[in-house]
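See below for the structure under consideration.
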Amino acid sequence: MNSKSMAGWIGFAGIVMLVIGAIDMFEGLIAVLEDEYFVPTRAGMLVVDLTAWGWFLIFWGLLILLVGLGLLGAQSWARWTAIVLVSLNILAQLGFAGDSAYPLWALTVMILNIVVLYALTARWKESVEELGVAQE
């Protein structure tokens, strides 16, 4: 792969971050508005009130969305922030995958997160140089 194709991956990662943020916000909105939508199974454990978890997911999704916008703007701070947030988001989605009536939903979000991790860790230096040339 040349650096031009990798620069495209950064834009792709930014767009996928927008999608992931929207999904997390949507999950949070469901938890706030529909108390019975996410119901833990007998094997599950509910640590916080579902409404509080919903508000957390709404703010978490907004944060991911904002970092996605930073990636689209080729901000280097957004790369490291996105790597941390996406890694934490994978761990959070593991809870949904293992103890949910909707494991496919959680697995889809986890795969999107892994794609973003790849896009942000593979040949970043060449990608940023190419983006810098394109912005001149």
Side-chain angles (χ1 to χ4, degrees):
M1 281 189 199
N2 62 27
S3 60
K4 288 183 182 182
S5 65
M6 291 310 294
W9 273 96
I10 295 172
F12 175 75
I15 291 170
V16 173
M17 289 284 290
L18 297 177
V19 171
I20 293 169
I23 289 171
D24 285 351
M25 288 175 63
F26 184 67
E27 287 177 341
L29 192 61
I30 290 172
V32 168
L33 298 177
E34 292 289 332
D35 286 339
E36 300 299 317
Y37 191 81
F38 294 118
V39 179
T41 62
R42 291 188 307 181
M45 178 176 83
L46 191 60
V47 178
V48 296
D49 175 54
L50 211 51
T51 303
W53 179 247
W55 281 109
F56 172 77
L57 278 178
I58 290 171
F59 290 119
W60 179 256
L62 182 62
L63 182 62
I64 291 176
L65 235 154
L66 292 173
V67 172
L69 290 174
L71 281 176
L72 290 174
Q75 303 297 315
S76 60
W77 62 265
R79 175 193 181 211
W80 293 107
T81 306
I83 289 170
V84 170
L85 292 181
V86 165
S87 298
L88 291 173
N89 205 39
I90 290 171
L91 295 175
Q93 292 300 327
L94 280 173
F96 274 110
D99 184 39
S100 175
Y102 310 101
L104 188 58
W105 177 262
L107 290 173
T108 301
V109 175
M110 285 176 25
I111 290 169
L112 289 174
N113 284 290
I114 291 167
V115 168
V116 169
L117 273 178
Y118 171 78
L120 295 177
T121 55
R123 298 172 57 185
W124 175 261
K125 185 175 180 180
E126 295 98 355
S127 302
V128 171
E129 289 171 359
E130 181 63 33
L131 286 172
V133 170
Q135 291 176 351
E136 290 178 1

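Atom-to-atom distance recorded for D24:CG and F59:CZ is 14.0 Å, nearest 0.5 angstrom. Taken from CD1 in I58 to CD1 in I30, the straight-line distance is 10.5 Å, to the nearest 0.5 Å.
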Let me check something: any side-chain donor-acceptor pairs from residues 66-73 under 3.5 Å, sequence neighbours excluded? List them with distances.
none

Verify side chain to side chain contact (heavy atoms under 4.5 Å, CB included) between M17 and V86, making sure each step is shown before the conclusion.
CA-CA 8 Å; M17 289 284 290; V86 165; 3.3 Å; yes
Dump the intermediate steps for side chain to side chain contact (heavy atoms under 4.5 Å, CB included) on W80 and V84, then the final yes or no.
CA-CA 6 Å; W80 293 107; V84 170; 5.8 Å; no
Side chain to side chain contact (heavy atoms under 4.5 Å, CB included) between L85 and I20, worked out
CA-CA 11 Å; L85 292 181; I20 293 169; over 6 Å; no
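Across all their heavy atoms, L57 and E27 have their closest contact at CD1-CB, 4.0 Å. Across every non-hydrogen atom of L117 and T121, the tightest pair is O-OG1, 2.7 Å. In plain terms, the two heavy atoms of G54 and A31 that are nearest each other are CA-CB, 3.6 Å.
Every pair tested for side-chain hydrogen bond (donor to acceptor under 3.5 Å, both in side chains) that includes a residue from residues 62-71 fails, sequence neighbours excluded, so the list is empty.
Using cut-offs of 30° and 60° on the angle between ring planes, the pair F56 and W60 is parallel.
A side chain to side chain contact (heavy atoms under 4.5 Å, CB included) with N113 is found for exactly one of V115, V109, V116, namely V109.
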